[in-house]
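To start, the structure under review is shown below, and the notes come after it.
As the structure is a computational prediction, the values presented were derived from the model and not from experiment.
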Amino acid sequence: MARNATRPVVTLKSTAGTGVTYVTRKNRGNDPDRLVLRKYDPVAGEHVLFREQR
């Protein structure tokens, strides 16, 4: 098995309306159809949902 399969870069935008974005690499173990991730938004000061920009 090839261990370094290509991992697409995914841009995540906060749903809290703060305009914060993350750029992450998609993990192989994650569900490829998952569109929402929960991450820390420093502007909101809490964990909020981030939507993938595809």
Problem set entry | Test side chain to side chain contact (heavy atoms under 4.5 Å, CB included) applied to Thr15 - qualifying residues, sequence neighbours left out | Leu49, Arg51
Seminar exercise, completed: side chain to side chain donor-acceptor pair (under 3.5 Å) filter on Thr24, not counting sequence neighbours, yields none
Seminar exercise, completed: Tightest non-hydrogen contact, residues Thr18 and Ala44, listed as CG2-N, 4.2 Å
Seminar exercise, completed: Those residues at least two apart in sequence (or on a different chain) that pass side chain to side chain contact (heavy atoms under 4.5 Å, CB included) with Lys13 are Thr21, Gln53
For this session: I would like to know whether Lys39 and Leu12 meet side chain to side chain contact (heavy atoms under 4.5 Å, CB included); could you show each step before the answer?
Result: CA-CA 9 Å; Lys39 288 189 172 291; Leu12 304 171; 3.5 Å; yes
Seminar exercise, completed: One should read off an interatomic distance between Glu46 CD and Asp41 CG, to the nearest 0.5 angstrom, of 8.0 Å
Exercise. Where do Tyr22 and Pro42 come nearest, in terms of heavy atoms and distance?
Worked result: OH-CD, 4.2 Å
Problem set entry | pair Val48-Tyr40: side-chain heavy atoms closer than 4.5 Å | no
